[in-house]
Amino acid sequence: MKLSDLKVVVEIEKSSFPRPWSLNAFITQLTHDSSICLIAEADGRTVGYIIATQYVDVWHLLDLAIHQDYRRQYIATDLLETLFEICGRQPHRGYTLEVRKSNRGAIKMYESFGFICTGIRKGYYRDNGEDALIMWRDSEDMLA
Ligand SMILES: CC(C)(COP(=O)(O)OP(=O)(O)OC[C@H]1O[C@@H](n2cnc3c(N)ncnc32)[C@H](O)[C@@H]1OP(=O)(O)O)[C@@H](O)C(=O)NCCC(=O)NCCS
């Protein structure tokens, strides 16, 4: 992801989440040494992105979205696989993320990658008070 991708990234973000990240939030991640920000392209345009950041020895998946017209084409799957390939180059303990309890599609996708639910953050989402599931995936070394 580059600064020049952010106009489209912010549009996808706004149409994907009730409380979208601001442009500044993306810029912060882009300029952060310990963050990985990837975009996916299809038909010559940016159609999705993933952002993860490392705290100590754990990767936190912070944001993932795909343009509505390009969903269910395994683009998020490709982004996750690429992210795991990059993160797997350095020793680490695993990955964690939060996801809305109602987001069954995303939860199913994460479970297919070996994420398990390890806890709940009650009322985590401020727009509707929804709970977040905390999900965890061991590092590739531990899965092997
Ligand atoms: C969740 C999201 C990123 C998935 O992206 P995607 O590119 O459509 O996902 P993929 O095509 O790689 O899906 C892989 C598998 O995950 C599961 N899955 C993904 N989206 C699903 C949905 N809406 N309903 C049910 N299962 C779903 C399916 O098992 C799917 O495989 P299948 O199509 O063979 O059944 C996308 O729907 C999105 O941007 N949603 C809005 C933002 C969001 O919720 N982000 C995640 C926040 S934690």
Side-chain angles (χ1 to χ4, degrees), residues 1-32 34-89 92-140 142-144:
M1 188 186 290
K2 302 187 296 295
L3 280 173
S4 56
D5 297 314
L6 290 185
K7 186 171 180 291
V8 177
V9 165
V10 168
E11 280 167 15
I12 298 172
E13 174 81 6
K14 281 186 182 155
S15 62
S16 297
F17 296 105
R19 283 176 56 83
W21 279 22
S22 64
L23 174 63
N24 276 344
F26 284 103
I27 293 171
T28 300
Q29 290 304 318
L30 260 185
T31 52
H32 215 282
S34 54
S35 295
I36 295 175
C37 308
L38 304 173
I39 56 155
E41 290 177 328
D43 304 327
R45 57 190 285 213
T46 300
V47 297
Y49 52 89
I50 191 166
I51 296 180
T53 195
Q54 192 175 28
Y55 295 119
V56 194
D57 55 358
V58 172
W59 283 99
H60 292 245
L61 270 64
L62 301 179
D63 202 358
L64 167 62
I66 306 300
H67 188 292
Q68 270 140 351
D69 297 346
Y70 288 85
R71 291 183 188 165
R72 302 305 284 271
Q73 298 177 37
Y74 301 105
I75 294 173
T77 297
D78 281 350
L79 282 170
L80 281 163
E81 284 173 351
T82 305
L83 181 80
F84 295 143
E85 196 273 314
I86 296 168
C87 297
R89 292 175 196 162
H92 63 106
R93 208 151 53 81
Y95 306 84
T96 190
L97 60 87
E98 279 109 16
V99 58
R100 282 177 194 261
K101 201 172 153 185
S102 64
N103 197 346
R104 297 307 310 167
I107 293 167
K108 189 173 169 198
M109 177 181 68
Y110 294 132
E111 285 174 342
S112 76
F113 276 97
F115 280 89
I116 53 167
C117 178
T118 55
I120 291 178
R121 292 194 205 284
K122 295 295 285 180
Y124 182 75
Y125 294 100
R126 275 188 268 163
D127 58 306
N128 63 354
E130 189 174 350
D131 297 345
L133 301 190
I134 304 167
M135 302 195 80
W136 172 265
R137 179 191 196 258
D138 281 334
S139 75
E140 295 67 22
M142 291 172 169
L143 291 171

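Hydrogens, waters and symmetry mates play no part in the numbers below; they use all other heavy atoms, side chains included. Read the numbers this way: they start at 1 and go in the same order the structure lists the ligands and their atoms.
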Asker: Looking at ligand 1, does any of its N/O atoms fall within less than 3.5 Å of an N/O of Thr77?
Answerer: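 There is such a contact, yes.
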Asker: Could you walk me through whether Phe113 and Tyr95 satisfy the ring pair (Phe, Tyr, Trp, His ring centres under 6.0 Å) test, starting with their C-alpha distance in whole Å, then the side-chain angles of each, then the deciding distance to 0.1 Å, before giving a yes or no?
Answerer: CA-CA 11 Å; Phe113 276 97; Tyr95 306 84; 9.9 Å; no
Asker: So Leu61 and Leu80, side-chain contact (heavy atoms from CB on, under 4.5 Å) or not? Walk me through it.
Answerer: CA-CA 10 Å; Leu61 270 64; Leu80 281 163; 3.6 Å; yes
Asker: Heavy-atom distances under 4.0 Å are what count here, so tell me which part of Asn103 touches ligand 1: side chain, backbone, both or neither.
Answerer: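 For Asn103, only side-chain atoms sit under 4.0 Å from ligand 1.
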Asker: Flag the pair Arg45 and Asp5 as a salt bridge only when some basic side-chain nitrogen lies within less than 4.0 angstrom of an acidic carboxylate oxygen.
Answerer: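 Salt bridge between Arg45 and Asp5, a charged N being under 4.0 Å from a carboxylate O: no.
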Asker: Considering non-hydrogen atoms of the protein only, which is the closest contact for atom 16 (O) of ligand 1, and what is the distance?
Answerer: Met109 CB, 3.2 Å
Asker: Please write down residue, atom name and distance for the protein heavy atom closest to atom 39 (O) of ligand 1.
Answerer: Ile66 N, 2.8 Å
Asker: Under 4.0 Å, heavy-atom basis, I'd like to know which part of Gln73 is in contact with ligand 1: side chain, backbone, both or neither.
Answerer: backbone
Asker: So that I know where these two stand, are Trp136 and Phe115 an aromatic pair - ring centroids less than 6.0 Å apart?
Answerer: no
Asker: Of the protein's non-hydrogen atoms, which lies at the shortest distance from atom 48 (S) of ligand 1, and what is that distance?
Answerer: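 Result for atom 48 (S) of ligand 1: Tyr110 OH, 3.3 Å.
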Asker: Please tell me whether Tyr125 and Glu98 have a donor and an acceptor in their side chains that are separated by less than 3.5 angstrom.
Answerer: no
Asker: Please report the shortest heavy-atom distance between Asp127 and Arg100, naming the atom on each side.
Answerer: OD1-NH2, 2.9 Å
Asker: Measure the spacing between OG1 of Thr96 and CZ of Arg137 and express it to the nearest 0.5 Å.
Answerer: 12.5 Å
Asker: Using a 3.5 Å distance criterion without hydrogens, assess whether the side chain of Glu130 forms a donor-acceptor pair with backbone atoms of Lys101.
Answerer: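 Indeed, once roles are kept as given, a pair shorter than 3.5 Å links the two residues.
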Asker: Measure Arg72 to ligand 1 on non-hydrogen atoms and call it side chain, backbone, both or neither using the 4.0 Å cut-off.
Answerer: both
Asker: Taking all non-hydrogen atoms of both residues, which atom of Ala76 and which atom of Ile66 are closest, and how far apart?
Answerer: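 In this case the closest contact between Ala76 and Ile66 is N-CD1, 3.8 Å.
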Asker: Going by the atom numbers of ligand 1, which of them fall below 4.0 Å from some non-hydrogen atom of Ala65?
Answerer: 39 (O)
Asker: Please check if any side-chain donor atom of Thr46 sits under 3.5 Å from a side-chain acceptor atom of Glu41, or the reverse.
Answerer: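 Side-chain D/A pair, Thr46 to Glu41: absent.
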Asker: Look only at interatomic distance and state if Tyr74 has a nitrogen or oxygen under 3.5 Å from any nitrogen or oxygen of ligand 1.
Answerer: yes
Asker: Nearest to atom 45 (N) of ligand 1 by heavy atom, Asp63, Val47, Leu64, Val99: which?
Answerer: Leu64
Asker: Starting from atom 41 (C) of ligand 1, find the nearest protein heavy-atom neighbour and note its residue, name and distance.
Answerer: Arg71 NH2, 3.6 Å
Asker: Would you say atom 27 (C) of ligand 1 touches the protein, meaning some protein heavy atom is under 4.0 Å from it?
Answerer: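 Yes, there is one.
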Asker: With a cut-off of 4.0 Å, which atoms of ligand 1 are near a heavy atom of Phe17?
Answerer: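 Result: 42 (C), 43 (C), 45 (N), 47 (C).
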Asker: Can you report which non-hydrogen protein atom sits closest to atom 19 (C) of ligand 1, along with the distance?
Answerer: Gly105 O, 3.8 Å
Asker: Heavy atoms only: which of Ala106, Ser15, Ala76 lies closest to atom 9 (O) of ligand 1?
Answerer: Ala76
Asker: Do me a favour and list the nearest non-hydrogen protein atom to atom 29 (O) of ligand 1 with residue, atom name and distance?
Answerer: Lys108 CE, 3.6 Å
